[in-house]
Amino acid sequence: MKSLEELKAIRKQLEGSVAERPEGSKETRIVVGMATCGIASGARPVLEAIADEVVKHNLDHVKVTQTGCIGLCQYEPIVEVYEPGKEKITYIKMNPEKAAKIVEKHIMGGTPAEDYMLCEDGDVCLRSLNESVFYKNQKRIALRNCGVIDPEKIDEYIATGGYAAIHKVLTEMTPDEVIQTILDSGLRGRGGAGFPTGLKWKFASGNRGKVQKYVCCNADEGDPGAFMDRSVLEGDPHAVLEAMSIAGYAIGSDQGYIYVRAEYPIAVKRLQIAIDQAREYGLLGKNIYNTGFDFDIELRLGAGAFVCGEETALMTSIEGNRGEPRPRPPFPAVKGLFESPTILNNVETWANIPRIILNGAEWFAAMGTEKSKGTKVFALGGKINHTGLVEIPMGTPLSTVIDEIGGGIPNGKKFKAVQTGGPSGGCIPAQYYDIPIDYENLASIGSIVGSGGMIVMDEDTCMVDIAKFFLQFTVDESCGKCTPCRIGTKRMLEILEKITSGKGEMEDLDRLEKLAGQIKQNALCGLGQTAPNPVLSTLKYFREEYIAHIRDKKCPAGACRALTTYKIDPVKCKGCTLCARNCPADAITGEVKTPHSIDTSKCIKCGTCIEKCRFGAISKE
């Protein structure tokens with residue numbers, strides 16, 4: 001078991017070595033982003049190439065290490081160089097050949113390689129991603145260590161203040177004081193509904209030491225386009241372990257479970273490494289910090305069922321049963337896992353806890369808005385120039401996220417909507433472009449913050465098709481336990497398919513709204529109750545698109561194949577025959593150097609002709 005003095009010694013020894021170089025340090029640190037986004041882009045051979053070059057040239061003062069997601073995922077693989085007394089240098093879109101040149105030119109030659117840096121505003125090359133617009137409007141708390149420390153080394157977590165919060169709790173605070181601190185901070189659950197975290201803990205805090213209790217982490221992130229929790233687990237797993245230990249002390253629990261989907265193999269691996277290391281150091285298990293407090297954590301792997309993100313279904317799955325939701329009440333704080341009082345929070349919620357304990361409730365409550373405190377992590381994707389992980393103070397305007405952090409919409413297209421909250425959320429239209437992002441504001445316009453997926457859409461997106469996409473996901477993922485969700489969502493999907501195929505009737509809009517109301521009122525769990533939200537929000541803000549599909553048999557965005565017609569402009573067509581030669585259905589005819597035409601009865605609407613035409617002569621209507 002490590003004592004507090006030993007942990008302080010580790011912290012002092014490594015102070016600054018996992019971020020900026022400390023004064024007097026002679027070590028250079030080369031860090032490679034090795035989260036899922038980096039590895040999928042080829043980061044592993046980049047890491048190996050750098051390590052080989054360092055060994056080849058006997059660069060004993062250089063340390064090569066991995067880290068989690070650095071944030072700007074579209075530019076992976078990312079390599080960052082920390083040198084004593086100098087600013088961090090960031091290199092993007094690396095490959096093994098470029099990596100070798102960095103070692104040669106930068107590490108050995110002393111000249112940073114500008115060709116491999118991120119350039120903004122024309123030819124202005126940024127030495128560090130910290131200088132980019134993407135990062136300047138962010139405030140990183142949950143993501144504070146992601147892209148900074150090696151997630152597989154407990155000493156690096158300790159060096160950034162890790163496991164100091166649990167020591168403070170065990171030696172300076174009573175359980176009730178811990179709960180009050182979380183209450184005063186205003187932290188709300190980051191998994192979807194935004195329920196006050198401290199209040200949940202308070203409900204489960206009675207009868208300490210008299211009944212078995214459990215602390216659970218929901219790492220079953222399943223929303224399309226969401227990867228916030230996965231990135232935290234891959235980049236800073238010890239923060240979750242420490243936070244769960246704090247909660248165990250607060251409510252009187254000695255056992256925790258992390259429910260993580262098996263589809264996250266890197267997160268699972270690093271979580272298990274972190275648990276093993278924490279046990280070895282005596283920071284999990286018996287008599288933590290010699291205070292008599294016992295707490296341990298085990299992993300439970302999920303098979304990827306979306307419904308297991310719902311808390312009661314998750315607990316049922318941990319128990320070894322099929323993941324299906326239970327009626328509430330009783331709520332988990334009274335009767336949860338193994339019929340015992342249980343608290344459950346998601347990964348991002350847990351990641352905030354140690355910082356709140358160390359910095360105080362007032363520090364956290366000073367960020368955000370009156371009712372939505374702190375920051376929120378979003379996975380920014382879709383039709384946006386900069387994709388990746390974003391952590392912003394609650395209340396940040398949507399326009400700031402889109403225009404500044406996200407770099408705007410590509411190819412000169414217009415912003416149309418943004419989907420937040422995944423299948424349980426809604427679409428925010430352009431009329432709310434400046435809306436402050438928090439729980440209350442998004443709820444007021446028919447969307448939710450949710451777990452943090454944020455998918456941006458431009459003028460070429462069909463909102464009816466988007467509603468169909470999310471409803472198809474819900475239908476596929478319904479556990480089938482309750483009739484409103486199992487049957488009701490299927491009927492809604494059938495209506496949407498009817499509309500997008502050109503067979504819709506105006507009465508279908510009333511049918512959709514009626515079904516949506518019945519499902520929201522009668523579905524068993526929160527996932528079923530919120531399933532109609534994408535349909536309702538698009539009906540509310542983009543009703544004219546539904547009407548165009550039904551009345552005019554047209555898809556204004558040109559996305560629905562059944563309602564799309566391809567035409568060749570005889571004035572622009574040069575008769576090059578390129579479209580005809582590439583058409584897989586032989587639907588295009590015409591002589592060389594004469595305008596061509598498309599036989600709409602043969603056209604399969606694949607879009608190949610538009611891609612191949614060099615004169616912009618083909619359009620779809």
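Fair warning: this is a prediction, and the values are worked out from it, not measured in the lab.
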In Å and rounded to the nearest 0.5 Å, what is the [atom1] to [atom2] distance from [X] to [Y]?
X	Y	atom1	atom2	value
Met457	Glu459	CE	CD	14.5 Å
Tyr116	Ile89	OH	CD1	15.0 Å
Arg140	Cys146	CZ	SG	7.5 Å
Thr500	Asp465	OG1	CG	6.5 Å
Ile92	Ile70	CD1	CD1	11.5 Å
Leu471	Asn533	CG	CG	11.0 Å

Could you note down all residue pairs passing salt bridge (charged side-chain N to carboxylate O under 4.0 Å, His left out) where residues 607-618 supplies at least one of them, sequence neighbours left out? none
Side-chain heavy-atom pair [X], [Y] within 4.5 angstrom cut-off:
X	Y	answer
Phe134	Leu129	no
Pro393	Thr396	yes
Trp350	Ile258	no
Ile384	Ile402	yes
Cys37	Phe227	no
Thr28	Pro84	yes
Leu118	Thr90	no
Val418	Val401	no

Under 3.5 Å, side chain of [X] to main-chain N/O of [Y], donor-acceptor pair present?
X	Y	value
Arg190	Asn345	no
Ser447	Gly426	yes
Lys383	Asp458	no
Glu156	Asp150	yes
Asn346	Thr349	yes
Glu348	Val377	yes
Glu221	Arg230	yes
Thr608	Cys583	no
Thr369	Ser372	yes
Glu391	Thr375	no

Ring pair (Phe, Tyr, Trp, His ring centres under 6.0 Å) partners of [range], not counting sequence neighbours, each pair once:
range	value
residues 50-72	none
residues 364-416	Phe415-Tyr433
residues 27-53	none

Whether the [X] and [Y] side chains hold a donor-acceptor pair (N or O, under 3.5 Å, no angle test) is what I'd like checked.
X	Y	value
Asn441	Ser444	no
Ser451	Asp223	yes
Asp434	Ser399	yes

If we check salt bridge (charged side-chain N to carboxylate O under 4.0 Å, His left out) with Glu80, which of these qualifies: Arg127, Arg29, Lys88?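 That would be Lys88; it is the only one of Arg127, Arg29, Lys88 passing the salt bridge (charged side-chain N to carboxylate O under 4.0 Å, His left out) with Glu80.
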Just wondering, more than 12 heavy atoms not from [X] lying within 6.0 Å of its [atom1]?
X	atom1	value
Lys269	NZ	no
Lys139	NZ	no
Lys567	NZ	no
Glu440	CD	yes
Glu370	CD	no
Lys101	NZ	no

Could you walk me through whether Cys609 and Ile588 pass the side chain to side chain contact (heavy atoms under 4.5 Å, CB included) check? CA-CA 9 Å; Cys609 54; Ile588 302 177; 3.8 Å; yes
Quick one: list whatever passes salt bridge (Lys or Arg N to Asp or Glu O under 4.0 Å) with [X], sequence neighbours left out.
X	answer
Arg261	Asp220, Glu263
Lys413	Asp460
Glu404	none
Asp229	none

Can you list everything that forms a ring-ring contact (aromatic ring centres under 6.0 Å, His included) with [X]? Sequence neighbours excluded, please.
X	answer
Tyr541	Tyr432
Tyr157	Tyr163, His238
Phe542	none
Tyr91	His106

Please report the C-alpha distance between Lys468 and Glu545 in whole Å, then the side-chain angles of each, then the deciding distance to 0.1 Å, and finally whether the salt bridge (Lys or Arg N to Asp or Glu O under 4.0 Å) criterion is met. CA-CA 13 Å; Lys468 186 175 74 172; Glu545 285 198 33; over 6 Å; no
Could you go through Leu389 and Met228, starting from their C-alpha distance and side-chain angles, then the distance that decides it, and tell me whether this counts as side chain to side chain contact (heavy atoms under 4.5 Å, CB included)? CA-CA 7 Å; Leu389 279 181; Met228 303 76 57; 4.2 Å; yes
Cys573 to Ile568 - nearest heavy-atom pair and separation: CB-CG2, 3.8 Å
For the pair Met34 and Arg270, evaluate side chain to side chain contact (heavy atoms under 4.5 Å, CB included) and give the outcome as yes or no after the intermediate values. CA-CA 12 Å; Met34 289 285 286; Arg270 291 178 181 170; 3.8 Å; yes
Between Leu59 and Val103, does a side chain to side chain contact (heavy atoms under 4.5 Å, CB included) hold up when you go through it step by step? CA-CA 10 Å; Leu59 303 175; Val103 174; 3.8 Å; yes
